[in-house]
Amino acid sequence: MNFIQLRSNGLCIENISAFRLTKKYRTPFYCYSLAQLRNNFLRFNNVFKNIKPIICFSVKSNSNLTLLRELRKIGSGADVVSIGELLKAIKAGIHSKKIVFSGVGKTEEEINKAIKKRILLINVESESEVILINKISKKLSKKTSIGIRFNPNISGNTHKKISTGNKGEKFGLLYSDCVNLCKKIQKMKNVKLEGLSVHIGSQITDIKPFKNMLSTLDKLIERLKINFKFIDLGGGMGISYSNKEKKLNLKKYSQLVEKFMKNKDAKIIFEPGRVIVGDAGVLISKILYIKESANKKFIILDAGMNDLMRPALYNAKHQIIPLKKTNKKFTGNIEFVGPVCESSDKFLNQKVFVKIKEGDYVSFTHVGAYGMSLSSNYNIRPTIAEVMVTGSNHKLIRKRQSLENLVKN
Ligand code: LLP
């Protein structure tokens, strides 16, 4: 189901025309479809219904409180990587027994909070971290549930910057380190080893890396002979950013996981981010100027790389579509750029685009995941507003940061 569509009257988010929203909210702003978000989560849940996983939405992909609350209402837990994300998940009403905490560099303050909140699992990534968790737990007279993050040395065949499962990466513990650490953990008094976790990267569209990941996990479990209560398979399921791109076949993945789970009585945890929220968000922006130079038509937008980092950071191509439909065409070298003072502040090159003029609006698609959450104040630009649409209603779910607040330090 597609709740964000280009219809005869232009781009619509559910029943609302995006153009109408530009009359109400100042551009640039992110806009989400609640129906799309819910649909994605429920579909994910349904595909994996036979294994009844705990779904811990990856808060780093989008940490808007309203959005987290909506996900909580339909059963989501949270995967967090900082005390800030942990506090937000709790504020959104997510039960602590549905929260997992990953990351290679958790601070003492973060570990303290996670222990006190009695979250489901702290997924540890080094021996030093376990020693610290054990020490703090002892001080607090607690026995803390932990998971161990395994690095299976598997490439996700994805962008280098979002690949985490290769042996040269900082994440998790390699096979023999994992085996050794598990033995040590079992002798510690204030931690209990309940989980085994793995996450090999993000935006993985090929099923093979997941297949390899599961068989490597099987080998490790066989060697360890530990009956893990939880097996956390992380996130990473890839989506298609345009009609031409393939996405991960979730059905096939679920069949692999079902096979993997035969003869095991552990509970599966998933930490999906992008597949839940990626296509539920758009970024609406206004054309400030059109400038012709060096045989190019620069379309200068009011959204910059600080608002949407993915193109500059990963060369990501987010489709840009006009809010109003028209048959008249622009041809030539068209480049969409932002106002930030960096030459990497460019979004997309096109050979053909509908005829647009200064003051018109466009929309970036598939920016619900790692759009707003990666944004920054670079060039002293305020973080922008977020709007949520449901049916024929819309509401502001994050105010644009005030200039006053921005310039105070
Ligand atoms: N679990 C762990 C331990 C992770 O590190 C991540 C993402 C996820 C789950 C969620 O992955 P997802 O299902 O969303 O692929 N900023 C990059 C993506 C970085 C992903 C970092 N870790 C981007 O914009 O593509």
Side-chain angles (χ1 to χ4, degrees), residues 37-63 67-68 71-72 74-81 85 89 94-95 97-103 119-123 145 147-150 152 154 156 158 162 164-165 171-172 194-207 209-214 216-218 221 228-239 247-261 264-280 368-370:
L37 179 77
R38 290 168 55 96
N39 189 67
N40 293 345
F41 183 88
L42 296 172
R43 180 175 162 259
F44 188 93
N45 200 27
N46 193 43
V47 171
F48 289 99
K49 65 174 182 294
N50 293 341
I51 51 169
K52 300 191 180 64
I54 302 176
I55 305 176
C56 295
F57 173 67
S58 195
V59 174
K60 68 174 85 66
S61 66
N62 192 314
S63 56
L67 203 134
L68 294 179
L71 287 172
R72 184 258 298 156
I74 48 177
S76 187
D79 150 47
V80 302
V81 291
E85 287 190 0
I94 294 175
H95 196 282
K97 286 294 168 210
K98 279 188 171 181
I99 299 179
V100 293
F101 196 149
S102 313
I119 66 169
L120 182 65
L121 287 178
I122 303 180
N123 285 331
S145 302
I148 186 162
R149 179 162 173 187
F150 171 45
I154 286 169
T158 180
I162 50 176
T164 51
F171 301 99
E194 292 196 317
L196 177 61
S197 87
V198 64
H199 170 81
I200 57 173
S202 197
Q203 184 54 13
I204 298 170
T205 52
D206 187 1
I207 192 75
F210 287 116
K211 199 172 173 188
N212 294 341
M213 175 185 96
L214 293 173
T216 316
L217 270 179
D218 254 335
I221 294 170
F228 287 103
K229 201 165 162 191
F230 303 101
I231 298 176
D232 179 345
L233 298 178
M237 303 81 174
I239 62 170
K247 59 179 174 194
L248 181 74
N249 186 330
L250 277 186
K251 187 76 213 154
K252 269 201 190 140
Y253 189 24
S254 76
Q255 287 160 352
L256 290 177
V257 179
E258 279 175 38
K259 204 165 138 213
F260 167 78
M261 285 309 287
K264 292 191 188 69
D265 52 11
K267 188 98 184 144
I268 287 287
I269 298 172
F270 282 117
E271 303 171 352
R274 192 185 317 260
V275 73
I276 304 295
V277 70
D279 68 354
Y370 309 105

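FYI, side chains are in, hydrogens and waters are out, and symmetry mates aren't considered; it's all heavy atoms of this structure. Along the sequence shown, residues are numbered consecutively beginning with 1.
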**Q** Please name all residues satisfying salt bridge (Lys or Arg N to Asp or Glu O under 4.0 Å) with Lys264, sequence neighbours left out, ordered by chain then number.
**A**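 Expected list: Asp218.
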**Q** Test side-chain contact (heavy atoms from CB on, under 4.5 Å) on Ile269 and Leu120 and set out the steps.
**A** CA-CA 11 Å; Ile269 298 172; Leu120 182 65; 3.8 Å; yes
**Q** Does Ile200 reach the side chain of Asn212, with side-chain heavy atoms less than 4.5 Å apart?
**A**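 SC-SC contact between Ile200 and Asn212 ruled out.
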**Q** Can you list the residues that meet the ring-ring contact (aromatic ring centres under 6.0 Å, His included) rule with Phe171, with sequence neighbours excluded?
**A**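 Listed in chain order: nothing, the list is empty.
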**Q** Please determine whether side-chain contact (heavy atoms from CB on, under 4.5 Å) holds for the pair Val198 and Leu233, giving the CA-CA distance in whole Å, both sets of side-chain angles, and the decisive distance to 0.1 Å.
**A** CA-CA 5 Å; Val198 64; Leu233 298 178; 4.1 Å; yes
**Q** Please say whether more than 12 non-hydrogen atoms of neighbouring residues, nucleotides or ligands are located less than 6.0 Å from NZ in Lys211.
**A**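 No, NZ of Lys211 has 12 or fewer neighbouring heavy atoms, counting only those of other groups under 6.0 Å.
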**Q** Who passes side-chain hydrogen bond (donor to acceptor under 3.5 Å, both in side chains) against Glu258, sequence neighbours left out?
**A**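 Residues passing side-chain hydrogen bond (donor to acceptor under 3.5 Å, both in side chains) with Glu258: Asn50.
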**Q** Going by salt bridge (charged side-chain N to carboxylate O under 4.0 Å, His left out), name the pairs with one or both residues in residues 37-62, residues two or more places apart or in two chains.
**A**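 Those involving residues 37-62 are Lys60-Asp79.
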**Q** Once side-chain contact (heavy atoms from CB on, under 4.5 Å) is applied, do any residues pair with Asn39, and if so which ones, sequence neighbours excluded?
**A**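 In terms of side-chain contact (heavy atoms from CB on, under 4.5 Å), with neighbours along the sequence ignored, Asn39 is linked to Met1, Phe3, Gln36.
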**Q** With sequence neighbours left out, what residues match Phe260 under ring-ring contact (aromatic ring centres under 6.0 Å, His included)?
**A**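 ring-ring contact (aromatic ring centres under 6.0 Å, His included) list for Phe260, sorted by chain: empty.
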**Q** Got a sec, which residues hit salt bridge (Lys or Arg N to Asp or Glu O under 4.0 Å) with Lys98, two or more places apart in sequence or on another chain?
**A**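 Counting only residues at least two positions away or on another chain, Lys98 forms no salt bridge (Lys or Arg N to Asp or Glu O under 4.0 Å).
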**Q** How far does CG of Leu121 sit from CG of Leu196, to the nearest 0.5 angstrom?
**A**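 Here the interatomic distance stands at 10.5 Å.
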**Q** Give, for atom OG of Ser61 and atom CZ of Arg274, the distance between the pair rounded to the nearest 0.5 Å.
**A**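 Between Ser61 OG and Arg274 CZ, I get 8.5 Å after rounding to 0.5 Å.
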**Q** Which heavy atom in Ala78 sits nearest to a heavy atom in Ala89, and how many Å separate them?
**A**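 That would be CB-CB, 3.8 Å.
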**Q** Would you please name every residue forming a side-chain contact (heavy atoms from CB on, under 4.5 Å) with Leu42, sequence neighbours left out?
**A**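 For Leu42 the side-chain contact (heavy atoms from CB on, under 4.5 Å) partners, ignoring immediate neighbours, are Ile74.
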**Q** Could I get the full list of ring-ring contact (aromatic ring centres under 6.0 Å, His included) partners for Phe210, not counting sequence neighbours?
**A**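 Phe210: ring-ring contact (aromatic ring centres under 6.0 Å, His included) contacts with Tyr253.
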**Q** Gln203 side chain to Ile239 main-chain N or O, any donor-acceptor pair under 3.5 Å?
**A**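 Present.
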**Q** Sorted by first residue and then second, give each salt bridge (charged side-chain N to carboxylate O under 4.0 Å, His left out) pair with at least one member in residues 194-203; sequence neighbours left out.
**A**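 Sorted result for residues 194-203: Glu194-Lys229.
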**Q** Using side-chain heavy atoms (C-beta onward) and a distance below 4.5 Å, is Val100 in contact with Phe230?
**A**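 No, too far: nothing below the 4.5 Å cut-off.
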**Q** Restricting to salt bridge (Lys or Arg N to Asp or Glu O under 4.0 Å), what partner residues turn up for Asp232, sequence neighbours left out?
**A**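 Counting only residues at least two positions away or on another chain, Asp232 forms no salt bridge (Lys or Arg N to Asp or Glu O under 4.0 Å).
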**Q** Once you measure the plane-to-plane angle for Phe44 and Phe270, does it fall in the parallel (<30°), tilted (30-60°) or perpendicular (>60°) bin?
**A**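 Judged by the thresholds at 30° and 60°, the geometry between Phe44 and Phe270 is perpendicular.
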**Q** Mind listing the closest non-hydrogen atom pair of Leu250 and Met237 along with its distance?
**A**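 Looking at all heavy atoms of both residues, the closest pair is CD2-CG, 3.8 Å.
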**Q** Return the CG to CG distance between Asp279 and Leu37, rounded to the nearest 0.5 Å.
**A**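 Separation between the atoms: 9.5 Å.
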**Q** Look up atom CD1 in Ile55 and atom CG in Asn45, then write down how far apart they are to the nearest 0.5 Å.
**A**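 Taking CD1 in Ile55 and CG in Asn45, the distance rounds to 4.0 Å.
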**Q** Measuring from His199:NE2 to Phe150:CZ, what's the distance to the nearest 0.5 Å?
**A**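 Rounded to the nearest 0.5 Å, the NE2-CZ separation comes out at 15.0 Å.
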**Q** For Asn249, enumerate each residue passing the side-chain contact (heavy atoms from CB on, under 4.5 Å) test, keeping only those at least two apart in sequence or located in another chain.
**A**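 side-chain contact (heavy atoms from CB on, under 4.5 Å) list for Asn249, sorted by chain: Lys251, Lys252.
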**Q** Between Leu214 and Val257, is there a side-chain heavy-atom distance shorter than 4.5 Å?
**A**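 Side chain of Val257 against side chain of Leu214, heavy atoms only: contact under 4.5 Å found.
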**Q** Say whether, by atom type as modelled, one donor and one acceptor occur between the side chain of Asn62 and the main chain of Gly368 under 3.5 angstrom.
**A**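 Looks like yes, one N/O pair under 3.5 Å.
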**Q** Supply the atom-to-atom distance Leu67 CG to Phe57 CZ, rounded to the nearest 0.5 angstrom.
**A**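 Result: 6.0 Å between the selected atoms.
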**Q** For Ser102 and Arg149, test the side chains for any donor-to-acceptor distance below 3.5 angstrom and give the result as yes or no.
**A**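 Per modelled atom types, Ser102 and Arg149 side chains form no pair under 3.5 Å.
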